[in-house]
Amino acid sequence: MRDPLTVLTDAFTSFLFGKVETTRLPVRTSTGQAQAVYLPTAAPGLGDSGVIIGREVYSGKGYIYDPFQLYGQQLPAPHWLVLGESGNGKSALEKTYVLRQLRFRDRQVVVLDAQGEDGVGEWNLIAEELGITPIRLDPMAALDHGIRLNPLDPAITTTGQLALLRTIIEVAMGHGLDERSGFALKVAHAYVNETIVERQPVLTDIVERLRHPEPESAEAMNVAIDDVRAWGLDVALVLDRLVDGDLRGMFDGPTTVGIDLDAPLIVFDLSHIDRNSIAMPILMAIVGVWLEHTWIRPDRKKRIFLVEEAWHIINSPFVAQLFQRLLKFGRRLGLSFVAVVHHLSDVVDGAAAREAAAILKMASTRTIYAQKADEARATGRVLGLPRWAVEIIPSLTPGIAVWDVNGNVQVVKHLITETERPLVFTDRAMTESSSDVTDDALRAAELEAEERAAAFMEQHIGDSSESTVA
């Protein structure tokens with residue numbers, strides 16, 4: 001019972017100023033009746049044309065994504081960045097995405113496969129299923145008539161060959177070429193291209209000419225022949241590693257005949273290369289330029305270039321600059337670059353921070369799987385994710401990710417068909433596999449995560465003042 005003085009005070013206040021506060025009586029109703037009053041809302045999707053990814057967690061709608069369909073009005077660039085710790089479904093997403101893209105006749109995919117076990121890469125099973133032989137780059141196999149890619153292949157323009165040689169040397173040396181070393185390389189390359197016409201020039205020819213420069217090259221600059229030889233000595237030593245060092249056999253001969261660049265799927269198997277050695281960025285540079293000049297063509301095909309362990313690219317300034325040019329060039333010819341990275345800190349805090357920022361800026365689509373809280377906050381700051389998305393990333397379960405498609409942010413559960421499952425989940429330890437988790441346990445974990453996410457969204461999504469991480 002209310003205090004009489006309080007009742008009298010409320011009555012007097014209402015008489016003078018009118019009723020200043022209303023009290024809504026509680027309404028008791030059923031869910032079936034309430035849903036007609038409180039209509040459900042969901043963020044708009046990305047359209048109904050393209051590749052099915054799965055379903056949006058909060059609305060239950062199907063989630064369809066295709067950079068080629070969205071490019072232009074909804075998507076300023078077709079490039080895609082995939083982030084997340086191992087074991088959360090990055091590889092499964094990429095493999096099913098490629099398999100579903102290949103259902104379209106005008107699609108073609110190149111994969112740089114840097115992971116593997118049992119002597120084969122992670123994509124070997126899919127390649128076998130499609131009747132495709134991966135291009136396995138292996139120094140030991142190359143010595144026994146294995147796969148070779150020639151940086152001086154005539155299919156690459158003269159300008160492209162020289163740019164590739166410079167990139168290889170700069171990656172190996174860890175710094176840019178000075179003017180004198182660059183001059184020695186340029187004159188050696190020009191002489192080899194002019195004089196060797198009966199066969200493909202190879203790296204051995206460049207090394208030999210650097211060691212023994214022609215007098216004409218010195219006379220043209222009015223310098224001594226010994227000076228030109230000294231300028232090219234360090235360059236010759238670096239290239240000699242590809243000819244007679246630990247990378248011999250893969251690049252010191254004519255390009256292997258029979259590499260099918262018209263196949264719907266081309267897999268470069270780099271699993272035999274030490275991922276932490278200088279060999280990996282050198283390989284990335286050679287493959288990148290070789291593809292730029294032999295694969296990307298104005299033939300109306302839509303091409304996807306998917307790079308596993310992409311921090312090897314973005315973390316090297318010289319290779320990052322090369323791929324940055326490839327992305328700008330390829331966008332005009334229908335190229336979608338897909339970079340798969342474990343942690344954003346691997347690249348934004350690395351030696352190529354400026355180049356990494358430029359590449360990340362060109363990726364209009366970002367997919368983020370589960371990360372630790374600190375890493376999620378750092379990722380949110382760099383990518384400008386909404387706060388609610390950053391808070392939910394650490395609690396995501398395998399197969400569920402935050403998708404940011406040019407500002408359209410949604411939580412998506414990736415769905416895998418029974419036909420795809422044997423191809424994307426394997427028992428190899430190097431594969432991001434959930435095979436050790438039973439289907440029932442996985443579904444229970446996913447349901448729990450969805451419930452937590454829904455509760456968090458209901459509490460925080462309406463706060464527009466905190467839409468972006470500071």
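Because only heavy atoms are used, hydrogens play no part in the values below, and waters and symmetry mates are left out as well, while side chains stay in.
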Could you please spell out the steps behind the side-chain contact (heavy atoms from CB on, under 4.5 Å) verdict for Val402 and Leu396? CA-CA 9 Å; Val402 171; Leu396 296 174; 4.1 Å; yes
Tell me, with the steps shown, if Lys302 and Phe68 meet side-chain contact (heavy atoms from CB on, under 4.5 Å). CA-CA 7 Å; Lys302 304 296 188 296; Phe68 305 111; 3.7 Å; yes
Look up atom CG in Leu152 and atom OG1 in Thr158, then write down how far apart they are to the nearest 0.5 Å. 10.0 Å
Roughly how far, to the nearest 0.5 Å, is CG of Leu415 from CG of Leu93? 11.0 Å
May I ask you to decide if the ring planes of Phe305 and Phe337 are parallel, tilted or perpendicular, using 30° and 60° as cut-offs? perpendicular
Does any part of the side chain of Val409, heavy atoms only, come nearer than 4.5 Å to the side chain of Trp403, both counted from C-beta? no
Nearest heavy-atom neighbours spanning Leu177 and Arg166: CB-NH2, 3.7 Å
If you apply the rule side-chain contact (heavy atoms from CB on, under 4.5 Å), what do you find for Asn406 with Leu70, and how did you get there? CA-CA 10 Å; Asn406 195 32; Leu70 298 173; over 6 Å; no
Heavy-atom check, side chain of Asp252 versus side chain of Val202, under 4.5 Å: no
Does the side chain of His79 pick up a donor-acceptor pair with the side chain of Ser364 at under 3.5 Å? no
Value for CG (Leu265) from CH2 (Trp123), rounded to nearest 0.5 Å, stands at 7.0 Å
Modelled atom types, side-chain donor and acceptor of Glu420 and Thr417, under 3.5 Å: yes
Of all the heavy-atom pairs spanning Tyr369 and Ile400, show the shortest one and how long it is. CD2-O, 3.5 Å
Verify whether one side chain among Thr255 and Asp153 offers a donor that lies under 3.5 Å from an acceptor in the other. yes
Kindly give the heavy-atom pair with the smallest separation between Tyr71 and Pro76, and that separation in Å. CE1-O, 3.3 Å
Looking only at non-hydrogen atoms, find the nearest pair between Leu102 and Pro264 and report the distance. CD2-O, 3.4 Å
According to the salt bridge (charged side-chain N to carboxylate O under 4.0 Å, His left out) rule, which pairs have a member within residues 180-200, sequence neighbours left out? Arg199-Asp205
Is Glu179 atom CD crowded by more than 12 heavy atoms from other residues, nucleotides or ligands, each under 6.0 Å away? no
Is there a donor in the side chain of Asn124 and an acceptor in the side chain of Glu122, or the other way round, less than 3.5 Å apart? no
Between Trp295 and Gln108: side-chain donor-acceptor atoms closer than 3.5 Å: yes
Do Val424 and Ser91 have side chains that get closer than 4.5 Å, going by heavy atoms? no
Min side-chain heavy-atom separation Val341-Val82 under 4.5 Å: no
Arg136 versus Val120: any side-chain heavy-atom pair under 4.5 Å? yes
Nearest heavy-atom pair of Arg100 and Ile416: which atoms, and what distance? NH2-CA, 4.0 Å
How far does NZ of Lys413 sit from CD1 of Ile53, to the nearest 0.5 angstrom? 15.0 Å
Examine distances only and state if a side-chain atom of Asn150 and a backbone atom of Pro201 form a donor-acceptor pair shorter than 3.5 Å. yes
Does NZ or CZ of Arg366 fall inside the cone over Trp80's six-membered ring, less than 6.0 Å from its centre and within 45° of the axis? no
Determine whether the side chains of Asp66 and Gln101 contain a donor N or O and an acceptor N or O closer than 3.5 Å. yes
Nearest 0.5 Å, please: how far is NE2 in His414 from CG in Asn88? 13.5 Å
Less than 4.5 Å apart, any side-chain heavy atom of Leu137 and any of Val287? yes
Gln161 and His189: side chain donor to acceptor below 3.5 Å: yes
Strictly below 4.0 Å, N to O, side chains only: are Glu85 and Lys372 in salt-bridge contact? yes
For side-chain contact (heavy atoms from CB on, under 4.5 Å), just list the numbers for Thr367 and Leu81, CA-CA rounded to whole Å, side-chain angles, deciding distance to a tenth of an Å, and then say yes or no. CA-CA 6 Å; Thr367 300; Leu81 176 67; over 6 Å; no
In terms of heavy-atom contacts, Ala114 and Leu270 come closest through CA-CB, 4.2 Å
Surrounding CD of Gln200 (heavy atoms of other residues, nucleotides or ligands, distance under 6.0 Å), is the total greater than 12? yes
With heavy-atom distances below 4.5 Å as the criterion, would you say the side chains of Arg209 and Glu214 are in contact? yes
With heavy-atom distances below 4.5 Å as the criterion, would you say the side chains of Ile52 and Tyr63 are in contact? no
Within this structure, what is the CD1-CG distance for the pair Ile266 and Leu291, rounded to the nearest 0.5 Å? 7.0 Å
